[in-house]
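The structure appears right after this line, and notes come after that.
The figures here come from the full heavy-atom set of this structure, side chains too, leaving out hydrogens, waters and symmetry mates.
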Amino acid sequence: MKNKLSEIKLNLCEVYFSIIKKRFKTEINIDELCKLSKISMEDAEAVLPKFQRDYNVFFLKILLAKLDEETLKEFKEEISYDTVSNVYEKILEGIILRFDKYLSYQPIFKILSEGFDLRAKFFCQLFKNNQSFMFDLLNIVEGSENKCKLLLKSVALNLVYSRTVDVFLKEENSNLDATIRYLDQYLHEIEDLGYMFGIIKK
């Protein structure tokens, strides 16, 4: 049953964002969503939040959770063969991989983040999810450390990531050139503090 509900969520999610990308609008009729996804209204209502008509954050969380799971799985596999890169380089690589996974959805993220109020809303809603990703990323890179220490590090990296998201949303021509450049710059800016407080290890 749980797997079925997850499949329904993912199906609705994919169709929801395909409509946004095609029509450049975020107000989507649920009847239309069910019709295009070939999911009954009854099944849709079983997974959609009740008393809510703005499903942007709901579906965004589902999409990002899926992409982040894929990113961490791929990163863990890649890093297992890496005996050369230092911790800083591995962290940089992991965050770049995350942005790379997001790249095909960049037009959608731009539409959803138009306007400061909307960006602030999404940032607050997704801050915890982003921090969780950074925590898992650090856990892969540095191994089983003190959880409180990893938590503090993940907060610092999340702040760097949040600054870089603005650059990512302004990227043109579907590339990550500026995003990677600024990400590296922002990480270097906290590098000295990182060494001092244990955010980044040499």
Subject >> salt bridge (Lys or Arg N to Asp or Glu O under 4.0 Å) assessment of Arg98 paired with Asp68 >> reply: CA-CA 7 Å; Arg98 190 188 199 200; Asp68 285 350; 2.8 Å; yes
[X] to [Y] - nearest heavy-atom pair and separation:
X      : Y      : value
Glu171 : Leu176 : OE2-C, 3.1 Å
Phe59  : Leu48  : CZ-CD2, 3.6 Å
Val15  : Ser37  : CG2-CB, 3.6 Å
Leu138 : Ser154 : CD1-N, 3.5 Å

Original post:
side chain to side chain contact (heavy atoms under 4.5 Å, CB included) between Leu183 and Ile95: does it pass, once the steps are laid out?
Top reply: CA-CA 9 Å; Leu183 172 61; Ile95 300 176; 3.6 Å; yes
Original post:
Given Lys9 and Leu12, is the side chain to side chain contact (heavy atoms under 4.5 Å, CB included) satisfied, shown in steps?
Top reply: CA-CA 5 Å; Lys9 282 183 181 180; Leu12 289 171; 6.0 Å; no
Approximate separation, where rounding is to 0.5 Å, of [X] [atom1] and [Y] [atom2]:
X      : Y      : atom1 : atom2 : value
Asp100 : Asn175 : CG    : CG    : 11.0 Å
Lys101 : Glu69  : NZ    : CD    : 11.0 Å
Leu112 : Asn56  : CG    : CG    : 5.0 Å
Leu159 : Gln131 : CG    : CD    : 8.5 Å
Phe75  : Leu137 : CZ    : CG    : 5.0 Å
Thr71  : Lys66  : OG1   : NZ    : 10.0 Å

Original post:
Any idea how Phe168 and Phe109 line up, ring-wise: parallel (<30°), tilted (30 to 60°), or perpendicular (>60°)?
Top reply: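 Because their plane-to-plane angle lies in the 30° to 60° range, the rings of Phe168 and Phe109 count as tilted.
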Hey, are the side chains of [X] and [Y] touching, using non-hydrogen atoms and a 4.5 Å cut-off?
X      : Y      : answer
Phe17  : Ile20  : yes
Tyr105 : Leu67  : yes
Glu89  : Asn86  : yes
Glu93  : Asp82  : yes
Ile91  : Leu157 : yes
Pro49  : Tyr55  : yes

**OP:** Please determine if Arg163 forms a cation-pi arrangement with Tyr182, meaning its NZ or CZ atom is less than 6.0 Å from the six-membered ring centre and no more than 45° off the ring axis.
**Re:**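 Output no; distance or angle outside limits.
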Subject >> Over-ring placement of Arg181 relative to Tyr186, 6.0 Å and 45° cut-offs >> reply: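 Negative - Arg181 is either too far from the ring of Tyr186 or too far off its axis.
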**OP:** May I ask you to check whether Asp184 and Tyr88 show a side-chain donor-acceptor distance below 3.5 Å?
**Re:**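 Side chains of Asp184 and Tyr88: pair found under 3.5 Å.
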Subject >> From CA spacing to verdict: side chain to side chain contact (heavy atoms under 4.5 Å, CB included), Ile108, Tyr102 >> reply: CA-CA 10 Å; Ile108 294 169; Tyr102 287 4; over 6 Å; no
**OP:** May I ask you to decide whether Lys90 forms a salt bridge with Glu142, counting only side-chain N to carboxylate O separations under 4.0 Å?
**Re:**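 No, Lys90 and Glu142 are not salt-bridged.
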**OP:** Kindly determine whether Lys110 and Lys170 satisfy side chain to side chain contact (heavy atoms under 4.5 Å, CB included), including the steps that lead there.
**Re:** CA-CA 8 Å; Lys110 286 183 177 182; Lys170 293 173 185 174; over 6 Å; no
Could you list the donor-acceptor pairs under 3.5 angstrom formed between side-chain atoms of residues 38-46 and any protein atom two or more places apart in sequence or on another chain?
| residue | atom | partner | partner atom | Å |
| --- | --- | --- | --- | --- |
| Ser40 | OG | Asp43 | N | 3.1 |
| Ser40 | OG | Asp43 | OD2 | 3.3 |

